[in-house]
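Contents: one structure, followed by commentary.
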Amino acid sequence: MNGKVGTTQAAMLIVNTILPTATVVLPVIISNYAEQDAPLAILLSTFFGLLIAALVGSTVSRINGAPFLTWVGEKSSPVIGTVLGLLMLQFYLDNTSTILREFVNFLKDNVLVNTPISILCTLILLITIYMVRQGLEAIARVNSLVILLFVFFVPLYLFGLSNEMNVHQLLPMFDHSLAELTLASITPTTWMSEVAVLLFLAPYLKDPKRARIIGWSGLIVVALIMMFSLITTLMVFGPDFIKLSTYPGFTAASIVHLGRFIEKLDILFISYWVMSIYLKFSIFLFATVECFKQTFRVGSSRPFIGALGLLILLECLYTWQSTEKLNLYNKEGRFLVFFLFNVLVPLGAIGLDRFKKGKPKQKGWET
Amino acid sequence: MQALETILSCRQNKELKTGDNNAKESRFQQNRGVMMANKQKPARKNASVPSENSVPAPLPLDPSLEVNLQELGKRIGQSSDVVFRRFTNESLSSLALAFVYIDGLVNADVVNQTVLQPLLETVTLKSESITATDAFRMIKDQILPIGGVKEGKTLEALLSMLFDGYTLILFDGLQMALAADTSGWEKRSVNEPTSQGVIRGPKEGFTESLRTGTSMLRRRLKTSDLRIEEYKIGQRTQTGVALVYLDGIASEQVLKEVRRRLNAIHTDSILESNYIEEFIQDGGLTPFPTIQNTERPDAMAGGILEGQIGIIIDGTPFALLAPSTFFNFFQSSEDYYQRYDISSFLRLIRYGAFFVSMLLPALYIAVTTFHQEMLPTTLLVSLAAQREGVPLPALAEALLMELTFDVLREAGVRMPRTIGPAISIVGALVLGQAAVQAGLVSAAMVIVVSFTAISNFVIPSLAIANSIRLIRFVMMFIAATLGLFGIMSFLMVLLIHMAGLRSFGVPYLSPVAPMVPRYLKDILIRVPLWSMTMRPKTNLGKETRRQGPDQKPKPAEGKNSQESGQPKPQGEDPA
């Protein structure tokens with residue numbers, strides 16, 4: 001079922017790898033540091049993100065569509081490959097379970113207040129397992145359809161809020177120091193670094209040599225949408241309200257109205273967001289499964305998807321039970337972990353490749 | 001005809017008593033016994049497992065006419081419609097012939113005038129010196145004034161032709177027989193399609209006859225590239241199935257796959273196109289159809305011109321088209337018979353109707369149960385007032401009305417036409433208005449269910465409209481349990497399922513996912529015909545030109561172009 005994914009489809013996958021949780025979690029964190037200068041922080045994090053994308057893209061180009069961990073094992077030693085695989089598997093399991101928790105927390109807060117979290121988690125997980133079993137090609141196709149829906153939702157959001165927006169809320173600009181902007185851009189950069197998921201999507205890319213383009217174009221779209229979302233929200237509420245609101249983007253959507261008949265459309269936007277985050281979750285579950293497959297060198301990963309899903313479910317239910325703990329991890333712990341796995345690992349892979357290429361071959365004695 | 005009767009009577013015409021046995025029959029028994037023993041070996045392992053082959057293995061003809069006739073009679077049984085006639089007179093000629101045909105499947109006039117009469121009137125056949133081989137050649141090449149004359153060497157081949165309306169001519173001393181095409185059974189005339197009517201466009205539909213179907217396509221596609229491959233599927237029904245495609249346009253890969261799947265069908269009966277559809281369609285348990293069916297020859301010709309492969313099945317006016325994508329089911333042949341703007345509008349309406357038909361009751365349930373804040377206050381107050389006296393929850397109310405509608409719809413199909421208006425009144429007044437007045441359901445729910453039902457009929461393909469009927473019920477249950485989140489989750493499942501689906505190797509959602517922008521000219525809307533110059537490779541594997549570039553109509557260039565460049569109407573005198 002796993003066919004190859006084209007460059008445009010892969011770039012769209014990167015968009016939904018980052019965007020759904022970024023739109024929910026980041027506005028508060030960025031606004032706490034940068035307030036009305038939040039768009040500048042996005043620009044700064046995009047710059048760092050593009051650097052990471054270049055790094056990841058170069059790695060994927062070098063491995064040329066081969067499974068990443070297998071390649072590392074061949075270039076160094078199988079033991080190093082397996083150890084790295086185990087660490088990355090832990091990273092992806094953690095990451096996927098936090099995505100599930102953020103998804104469920106949002107639903108619990110906004111949509112299904114009385115439904116038990118375990119029911120929601122199980123349902124979401126079952127659907128996502130089905131998605132992963134259908135393969136990356138099917139996920140990429142649905143993803144491109146969902147992204148196309150922006151054509152409907154962005155104008156609706158914009159025109160629905162046009163009467164509420166005040167451009168003066170963005171002033172004064174450049175009011176924050178570079179240090180504050182850098183602090184504000186750290187967390188968005190960790191989100192941007194999720195582009196490293198390409199390492200595990202590489203075997204399914206039609207043209208792995210274009211991985212850098214895929215990463216860059218995906219990140220630029222993410223940055224544009226984040227900027228759009230932040231600027232409109234800032235213009236509607238101002239920086240002070242955003243700091244207080246948990247989900248400022250959806251709060252803005254709740255005041256969207258066209259005339260008197262179409263109003264309170266937050267549930268519509270939430271429904272759209274639900275589709276996006278399903279895709280994000282499925283991409284990460286796919287990467288987790290792929291990581292498992294490469295680490296343990298199993299021929300078919302299909303029998304293990306359910307087992308990995310169960311691990312994710314348990315971690316989501318018990319490790320991230322506390323929302324405060326999750327927020328703290330997002331704000332402080334995430335950067336280090338992401339830096340290790342999304343930046344240092346590809347950097348190490350490039351170094352390894354260069355070292356292997358640069359190492360002169362031992363010449364035998366001519367007889 | 002009197003002369004014919006006289007000759008026939010003096011030649012000892014008689015009907016064979018098929019139950020008779022003689023010594024020669026035992027050899028047939030032995031032969032068949034050996035053949036069947038081989039086939040039946042696996043069945044002995046487990047007596048409860050039926051034998052795979054329910055039809056005997058091919059049996060070559062015996063040189064003896066008598067034995068052949070007895071075996072034929074035995075195979076067919078005491079069927080009164082099978083006619084055996086002998087053509088022997090030992091005093092005049094050593095040649096012994098027999099005719100076999102099935103009354104009702106043959107045209108009696110054709111049998112009499114083109115088979116019996118020429119044979120009886122030919123003097124050479126009556127000479128003593130003529131051998132069976134010479135007679136066989138002469139009859140085949142000179143005497144029979146019929147286009148379709150075939151040779152048969154086994155009883156099975158002959159039986160197959162016999163059931164197709166051929167008249168068999170068996171010879172004594174030969175292990176070959178002739179079969180003359182005398183088919184001519186009663187057929188339904190070509191009528192307007194009942195399930196796919198159009199306002200503008202051809203009004204003729206396929207009939208149950210395979211040959212009528214292929215001829216209708218031949219009349220529309222007058223090209224030497226049109227290929228018709230015939231298959232006989234169904235051990236007992238031996239149903240004729242024709243694979244129709246345009247050589248060079250249909251994908252070789254798809255063709256190979258269709259042939260493989262048709263050849264792999266191992267069943268004893270094919271009675272309608274759905275039998276073939278279920279055996280060859282992709283997706284297994286998918287609720288979505290991956291093969292189109294149509295009873296319009298023009299729609300089939302259009303599909304074949306787009307690179308699809310047509311499958312016409314004898315005995316049903318519904319033919320199949322494959323591969324079919326999701327968007328094919330929203331295209332109607334009428335889209336191309338009227339202006340592009342109205343066609344595009346209607347197509348958008350159809351997509352809208354698709355979503356309404358699938359989602360409206362579920363959305364109503366979700367909004368009234370979970371997300372009341374979505375509704376404008378006035379509408380919310382109005383709905384609340386309507387539902388105040390209704391004792392049922394929204395789901396039960398919706399299920400009640402939907403099931404009632406489905407019962408009415410099913411009754412409408414089965415009941416005699418004269419009772420139709422009465423049932424309409426019962427449905428509209430008693431179950432609609434009265435239910436609202438009695439306070440069993442709210443008026444809004446009646447509107448929702450009615451609009452859903454009407455929307456379902458907007459979709460041109462009954463196959464996909466039926467699949468939505470089932471999905472709608474699942475949606476309603478999910479909406480009542482998880483609200484809009486549930487609907488979105490189920491939509492995601494449907495989308496991912498469709499994205500993973502293929503019809504003979506073609507992605508089901510193509511050309512939207514995977515997206516090929518230049519192939520979207522005939523998907524959500526239909527652009528003018530002159531703008532669709534290239535034939536999409538969705539069904540093909542290669543892109544082919546449909547028409548020349550710059551086909552957009554425009555006035556001729558130059559001042560006097562109208563006078564000099566415009567051709568005169570046909571038949572107009574140049575002077």
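A note on names: the letters A, B, ... follow the listed sequences, proteins ahead of strands, and every chain is numbered from 1. Below, each value reflects all heavy atoms present in this structure, side chains not excepted, and no hydrogens, waters or symmetry copies. Every value quoted in this text rests on a predicted model; they were computed, and no experiment measured them.
In this structure, the separation between CG on A:Leu145 and CG on B:Leu509 is 6.5 Å, given to the nearest 0.5 Å. Interatomic distance, CD1 of A:Ile270 versus NE2 of B:His371, reported as 9.0 Å (0.5 Å rounding). A distance of 14.0 Å separates CE in A:Met131 from NE2 in B:His497, rounded to the nearest 0.5 Å. Interatomic distance, CE of B:Met492 versus CD1 of A:Ile124, reported as 11.5 Å (0.5 Å rounding).
The shortest heavy-atom contact between B:Ala499 and A:Ala138 is CB-O, 3.6 Å. The shortest heavy-atom contact between A:Arg141 and B:Ala513 is CD-O, 3.4 Å. A:Val274 and B:Met488 make their closest contact through CG1-CB, 4.0 Å (heavy atoms, listed as atom of the first residue, atom of the second, distance).
Annotation for A:Tyr130: atom OH counts as buried by contact number, over 12 foreign heavy atoms lying within 6.0 Å. Applying the 6.0 Å contact sphere to CZ of B:Phe477 captures no more than 12 heavy atoms from other residues, nucleotides or ligands. Atom CZ of A:Arg210 is surrounded by 12 or fewer heavy atoms from other residues, nucleotides or ligands within 6.0 Å.
When A:Val146, A:Leu112, A:Leu279 are compared by the number of non-hydrogen pairs under 4.5 Å with chain B, A:Leu112 comes out ahead. Ranked by heavy-atom pairs under 4.5 Å with chain B, the first of A:Ile139, A:Thr115, A:Leu107 is A:Leu107.
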Test side-chain contact (heavy atoms from CB on, under 4.5 Å) applied to B:Leu482 and A:Leu123, step by step: CA-CA 10 Å; B:Leu482 293 163; A:Leu123 184 76; 3.2 Å; yes
side-chain contact (heavy atoms from CB on, under 4.5 Å), that's the test. Do A:Ile127 and B:Ile496 meet it? Break it down for me. CA-CA 10 Å; A:Ile127 290 172; B:Ile496 205 86; over 6 Å; no
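Using a 4.5 Å cut-off between heavy atoms, A:Leu148 touches chain B through its side chain atoms alone. With a 4.5 Å cut-off on non-hydrogen atoms, B:Leu495 touches chain A through its backbone and its side chain both. Using a 4.5 Å cut-off between heavy atoms, B:Ile487 does not touch chain A at all.
Applying the side chain to side chain donor-acceptor pair (under 3.5 Å) test to residues at least two apart or on different chains, none of the pairs has a partner in residues 267-276 of chain A.
Counting heavy atoms from C-beta outward, B:Met498 and A:Val142 have side chains that stay 4.5 Å or more apart.
Relative orientation of the A:Phe103 and B:Phe485 rings is perpendicular, given thresholds of 30° and 60° on the angle between their planes.
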